[in-house]
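Below: one structure, written as structure tokens.
Here the structure is a predicted model, which is why all the values come from computation and not from measurement. Both backbone and side-chain heavy atoms feed into the values below; hydrogens, waters and symmetry mates do not. Remember, it's 1-based here, ligands and their atoms both numbered in the order they're listed.
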Amino acid sequence: MGFDYALVHVKYTIPPAILLTLFYRPLFTRLDVYKVAFLVTIAVLSTIPWDSYLIQTGIWSYPSHVIVGPKLFDIPLEEVFFFVIQTYNSSLLYIILSRPTFQPLYLRVERQSSQPLGPCNQQWRWYKRLGQLVLAVTIGWGWHQVVDNGVGTYTGLILIWAAPFLLLLWSLAYQFILGLPLSNTVLPIALPTIYLWIVDTLALKRGTWVINSGTKYGLHLWDGLEIEEALFFLLTNTLIVFGQLAFDNALAILYTFPKLFPSAAVLPSPIVLIKALFTPTSAYDEARLIGLQEAVVRLKRKSRSFYLASSTFQGQLRSDLMLLYSFCRVADDLVDNASSAEDAKMWIAKLHRFLDMAYSNEDESDSSIEPYVVDNFPRDTRSALLQLPCSRLSRQPLQDLLRGFDMDLAFNSAPPIQTEADLQVYAQRVAGTVAQMCNELIFHIYSTSLSLKDQRRIIQSGNRMGIALQYVNIARDISVDAKIGRVYLPITWLKGAGKTYDSILQSPEGAGVEELRSKLLDKAFALYEEARGAIEELPAEARGPIRVAVESYMEIGRVLRQKGYAVKAGRATVPRWRRLGVAWKTLNR
Ligand SMILES: CC(C)=CCC/C(C)=C/CC/C(C)=C/CC/C(C)=C/[C@@H]1[C@@H](COP(=O)(O)OP(=O)(O)O)[C@]1(C)CC/C=C(\C)CC/C=C(\C)CCC=C(C)C
């Protein structure tokens, strides 16, 4: 009996597990636990028979003085623990590195026939087949080595065990394996592999585990690292990361194509995951993919705060929020950028008509909406309308949002914000509604034990938080709005400060304006303080991300309260490092 192998864990595998867990803790969701547990189970079940065979046939062994004693099918418990901890560490590293990536963007439609495939699409098919061929040849060659029973036996046994799994995963998830950034594929394989090569070198030198001669080549990658061991760790980490990639590929298919999978669960069963992976790529909904692509580009270009926050959301909620943002942005821009008040009114009327059509029929496949949108809206706005997740949103907040845009149009005749109550109504319409829709999506996607009454109370607090954010938005944009002939500060406040509507339009800066800005920010922070507690009652998956969304926007308000803040295009901006700091602090709260 000895503790050498156990000490390898204490020194080298458990510390990274603890560090990775602490680092990722604020974002660790039930789905992540499910993914890791799923992979650990498969890793343990698939490795035990193989490892047991290797030990029984004397290909490798563990001197009795380095292990504690208990064994499972001849495998020391320390070794079984190794399968668990290696899978855990590599999975978690992959999850951390891939979290910022919006994975649905890496799904591609591949069609055989009538529609000609782009050259890129053709190339992908060849890559897929080439990968399959290489893996099939590898299995054949590995088998040959095992049958030969010579120095290539151990290599052969590694290959005939790992390569069939790799072939399966490659065939199902090649789109993700090839398409995702290298930081999501190569890096989570390379980092743990190199780390384990170093650990292995130390363990083999100390004799913690021994590869017996006769069934190995005797070649070394570097002094102390047998070529077979290097191959083993490379392939096991590749299996883990490919497994996670296939899992994510299945989730992306499930959540991206509601027409194919109308009621995808937050934790889908293995059968559903397999069904998703076996969905032919030709059945993917191309319009949906384009809608998501355009939504991401729009969000990235227009809102740094919400873009950063979006990376902390997961699964279907992330897609739905992007699509909701896309709709709100497009609607706001159509009205704001209209060439005349008449034109703006026309856009609002068309958007109302769109909502009438989208909510009038139970049948989502109603074919009259698409031609209506195509005939009435510019090309680059259509996907934002057609992909709005109407089935998960109620109609009233969308209509109220349009009524908020109507209030903006009133600036052309008489200032619509006369009193603080008007300001509140306006902010409720353009931002309270947005918060309400975010919360509706959250309660739709994540199950909660809260009563309907409590859900309504939380949605109410959300509305107030939306108003707080809109006040920050107005406080930030006093000068920008004045340039387009709008003053959102209530006329009653202006009078109290010895100002008029026109005086603000002419000089939207100066001490008097700063006082009014401060007053508005005080109101914003009072609402924020009152509403923020409700975030902690949201389903666990949404809590941290919503905190990030709210805090990164409120940070603009904090910046505005400091003297000498940086201004970009007439607006106060929060430096990138500060935004990241806020997100980090907020998540760890
Ligand atoms: C993470 C993520 C992708 C979130 C998306 C949120 C979303 C759908 C935002 C829509 C934004 C939008 C374009 C709305 C149109 C009306 C409008 C302009 C509203 C103002 C937003 C400002 O955005 P921006 O600065 O980019 O706009 P301008 O350049 O000035 O045009 C608003 C200030 C509204 C934003 C309000 C929210 C996102 C609601 C926040 C509250 C919650 C998420 C709920 C909190 C929950 C509880 C329980 C308290």
Check [X] against ligand 1 and report side chain, backbone, both or neither, counting heavy atoms closer than 4.0 Å.
X: Arg429; value: neither
X: Phe313; value: side chain
X: Asp477; value: side chain
X: Met465; value: side chain
X: Ile546; value: side chain

How far is [atom] from its nearest protein heavy atom, and which residue and atom name does that atom have?
atom: atom 12 (C) of ligand 1; answer: Cys328 CB, 3.6 Å
atom: atom 6 (C) of ligand 1; answer: Cys438 SG, 4.1 Å
atom: atom 36 (C) of ligand 1; answer: Leu469 CD2, 3.8 Å
atom: atom 30 (O) of ligand 1; answer: Asn473 ND2, 2.8 Å
atom: atom 41 (C) of ligand 1; answer: Ala435 CB, 3.4 Å
atom: atom 7 (C) of ligand 1; answer: Val434 CG1, 3.6 Å
atom: atom 17 (C) of ligand 1; answer: Val430 O, 4.0 Å

For [X], state whether at least one heavy atom is located under 4.0 Å from any atom of ligand 1.
X: Tyr553; answer: yes
X: Arg476; answer: yes
X: Arg304; answer: no

Which of the numbered atoms in ligand 1 are under 4.0 angstrom from any heavy atom belonging to [X]?
X: Ile458; answer: 48 (C)
X: Leu324; answer: 8 (C)
X: Asp332; answer: 18 (C), 31 (O)
X: Arg571; answer: 28 (P), 29 (O), 30 (O)
X: Ala431; answer: 34 (C)

Over 12 foreign heavy atoms within 6.0 Å of NZ, Lys350:
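Enclosed: over 12 neighbouring heavy atoms sit under 6.0 Å from NZ of Lys350.
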In terms of heavy-atom contacts, does CD of Glu515 have more than 12 from other residues, nucleotides or ligands at under 6.0 Å?
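No, not enclosed.
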Using heavy-atom distances only, which candidate in Asp336, Asn439, Leu527 approaches atom 46 (C) of ligand 1 most closely?
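Ranked by closest heavy atom to atom 46 (C) of ligand 1, first place is Asn439.
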Have a look at Arg329, Met322, Gln470 and point out the one with the heavy atom closest to atom 32 (C) of ligand 1.
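Looking at heavy atoms only, Gln470 sits closest to atom 32 (C) of ligand 1.
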Sidechain N-carboxylate O distance under 4.0 Å for [X], [Y]:
X: Arg457; Y: Glu537; value: yes
X: Asp400; Y: Arg429; value: no
X: Arg547; Y: Glu536; value: yes
X: Asp406; Y: Lys345; value: no
X: Asp522; Y: Arg561; value: yes
X: Glu440; Y: Arg392; value: no
X: Asp248; Y: Lys35; value: yes

Check the angle between the aromatic planes of Phe354 and Phe377 and answer parallel, tilted or perpendicular using the 30° and 60° thresholds.
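Because their plane-to-plane angle is over 60°, the rings of Phe354 and Phe377 count as perpendicular.
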Parallel, tilted or perpendicular, as decided by the 30° and 60° cut-offs, for the rings of Tyr488 and Phe411
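Ring orientation of Phe411 relative to Tyr488: perpendicular.
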Quiz item: cation-pi between Arg558 and Tyr528, 6.0 Å / 45°
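Judged by the rule, Arg558 and Tyr528 form a cation-pi pair.
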For the student: nearest non-hydrogen atoms of Ala276 and Phe261, plus distance:
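Of all heavy-atom pairs spanning Ala276 and Phe261, the closest is CA-CZ, 3.6 Å.
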Judging by distance only, is a nitrogen or oxygen of Ser461 under 3.5 angstrom from one on ligand 1?
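No, no N or O pair falls under 3.5 Å.
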